[in-house]
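Just so it is clear, the model here is predicted, and its values are computed rather than measured. Excluded from the calculations below are hydrogen atoms, water molecules and symmetry mates; all remaining heavy atoms, backbone and side chain alike, are included. Both ligands and their constituent atoms are indexed starting at 1 by order of listing.
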Amino acid sequence: TKRTIGLLFGGCSGEHEVSIASARAIAQALSAGSNAAVYTLLPFYIQKNGQWCDSAIAQQVLTSGQPLSSDLASSDPVDRWRLPPTAGDVDVWFPVLHGPNGEDGTIQGLLTLMQTPFVGSGILGSAIGMDKLAMKTMFAQAGLPQVNYMAVSRSQVWSNPCIYPKLCDDIEAQLAYPCFVKPANLGSSVGISKVRSRAELEAALDSAASYDRRLIVEAGVVAREVECAVLGNEQPQASIVGEITYQSDFYDYETKYTEGKADLIIPAALPEAVTAQIQTMAIQAFTAIDAAGLARVDFFYIEATGDVFINEINTMPGFTVTSMYPRLWGASGITFPELVDRLVQLALDRNG
Ligand code: ADP
Ligand code: MG
Ligand code: MG
């Protein structure tokens, strides 16, 4: 008998559109080649307002590739979180949700309560992977090298009387310019600024504080950006290493999602020892946060000194056919449909 895969996409996050694109690619892969004989696709779409939609609407969104033109809003607020009855038919969930309310442990908590296996990290790994401060603490504990950083809270930024001068003095003394100001719990570079002066720092702190209570400020490095895909549960494997190149000031939202603004180079042209070091660090990072199934681990490689710093881990990386994660596995010998099959099997191994 075929297994029913509950493909869960969309979501209440700034990465809603990316999720739709990832889901389209995964839906296609579930009916490609030998997958067609073993899997049945049952899609579920979560609107930007958080309301779940049944498979008929989800299929429409998958076909069009666009969010619903206007969110369906139920008059009964409780309906917004009511699962469509067909959720009970799902054998394995594939939550391809990026960012808050999906990649951060919230959906993983729901699926855990439902006692149905799901692809990817559980509650803990997802939550740590989404919070840049928690992530850095775990990385430090695992001995992974990182750039210098400071934790800042919204209440420090928005304090009355204003403590900007003292806070900014501390940041300048500890990190200097340029530095990066980030909300702790986001992705796709949303809310991130690169700052070079006191005025920019103040504006960036204010902006990041509007996204999250928890902020991080990091020393800026001049580095090549390289990424490694990890696949597995207890014995995770690392892929070939890829590099991202772009013309913009940093890898911001526009550069990430505008066609032609960034190039993926696979494999990255790196000394063999550096590649090996990155692969080892990627697996250590995966284990350090208790990730499962898949993750993409991103690094800064400073060519002049040979230093490799870990930047972050993403527990549900972009999953379109042109995304780094599936392309790294493609270059490592695993096709896109095979990768989707492996992830479902890993979900069953772990939770089944
Ligand atoms: P996100 O989770 O939103 O992708 P990142 O921490 O990866 O956030 O930051 C997004 C981009 O900002 C990075 O890919 C890089 O281009 C730039 N960046 C972030 N932190 C630094 C840093 N400390 N030094 C240099 N560039 C950085
Ligand atoms: Mg990220
Ligand atoms: Mg990133």
Below a 4.0 angstrom heavy-atom separation, can you tell me which part of Glu225, side chain or backbone, both or neither, approaches ligand 1? side chain

Applying a 4.0 Å heavy-atom criterion (strictly less than), which segment of Ser188 is in contact with ligand 1: side chain, backbone, both, or neither? backbone

Do you see a donor-acceptor pair shorter than 3.5 Å between the side chains of Asp298 and Asn311? no

Side chain to side chain contact (heavy atoms under 4.5 Å, CB included) with Leu41: of Ile5, Leu7, Ile26, only one passes, and it is Leu7

Strictly by modelled atom types, are Ser323 and Thr320 linked by a side-chain donor-acceptor pair under 3.5 Å? yes

Show your working on side-chain hydrogen bond (donor to acceptor under 3.5 Å, both in side chains) between Tyr39 and Asp341 and close with a plain yes or no. CA-CA 9 Å; Tyr39 299 125; Asp341 177 42; 2.5 Å; yes

Would you check whether Asn314 has a nitrogen or oxygen atom less than 3.5 angstrom from a nitrogen or oxygen atom of ligand 1? no

Val147, any N or O under 3.5 Å of ligand 1 N or O: no

Counting from 1 in the order shown, the ligand 1 atoms closer than 4.0 Å to a non-hydrogen atom of Tyr246 are 16 (O)

Quick one: are Glu225 and Phe300 in side-chain contact, heavy atoms under 4.5 Å? yes

Check Asp298 against ligand 1 and report side chain, backbone, both or neither, counting heavy atoms closer than 4.0 Å. neither

Heavy-atom contacts with Lys256 under 4.0 Å: which atoms of ligand 1 show up? List them by number with element. 1 (P), 3 (O), 4 (O)

Can you tell if the side chain of Val340 reaches within under 4.5 Å of the side chain of Phe94, non-hydrogen atoms only? yes

Tell me the protein heavy atom at minimum distance from atom 11 (C) of ligand 1, and give that distance in Å. Tyr251 O, 3.6 Å

Numbered in order shown, the ligand 1 atoms found under 4.0 Å of a heavy atom of Ala219 are 22 (C), 23 (N), 24 (N)

Should the proximity of Phe180 to ligand 1, defined as any heavy atom under 4.0 Å, be assigned to the side chain, the backbone, both, or neither? side chain

Per atom 21 (C) of ligand 1, closest listed option by heavy atom (Tyr253, Phe250, Phe309, Phe300): Phe300

Which is it for Met130 and ligand 1 at heavy atoms under 4.0 Å: side chain, backbone, both or neither? neither

State whether Asn314 contributes an N/O/S atom found under 2.8 Å from the Mg ion (ligand 2). yes

Looking at ligand 1, is there an atom of it that comes within less than 4.0 Å of some heavy atom belonging to Lys132? yes

Aromatic plane relationship, Tyr45 with His16 - under 30° parallel, 30 to 60° tilted, over 60° perpendicular: perpendicular

Can you give me the closest heavy-atom contact between Ser189 and Tyr253, atom names plus distance? CB-N, 3.7 Å

Considering non-hydrogen atoms of the protein only, which is the closest contact for atom 24 (N) of ligand 1, and what is the distance? Val221 N, 3.0 Å

Could you check atom 9 (O) of ligand 1 against the protein and tell me its nearest heavy-atom contact, residue, atom and distance included? Ile192 CD1, 3.5 Å

Could you tell me, atom by atom, which parts of ligand 1 come under 4.0 Å of a heavy atom of Gly187? 2 (O), 3 (O)

Give a yes-or-no answer on whether the side chains of His98 and Ser188 include a donor-acceptor pair shorter than 3.5 Å. no

Evaluate the ring planes of Tyr325 and Phe319, with Trp represented by its six-membered ring, and classify them as parallel (under 30°), tilted (30 to 60°) or perpendicular (over 60°). tilted

Among all the protein's non-hydrogen atoms, which is closest to atom 10 (C) of ligand 1, and how far away is it? Ser189 OG, 3.4 Å

Using a distance threshold of 2.8 Å, state whether an N, O or S atom of Glu312 lies below it from the Mg ion (ligand 2). yes

Is the shortest side-chain heavy-atom distance between Pro95 and Val119 below 4.5 Å? yes

NZ/NE/NH1/NH2 to OD/OE distance under 4.0 Å, Lys136 and Glu218: yes

Is it true that Arg196 and Asp249 make a salt bridge, defined as a side-chain N closer than 4.0 Å to a carboxylate O? yes

Contact partition for Val222 relative to ligand 1, non-hydrogen atoms under 4.0 Å: neither

Out of Gln146, Lys182, Glu15, indicate the one that has the non-hydrogen atom closest to atom 20 (N) of ligand 1. Lys182

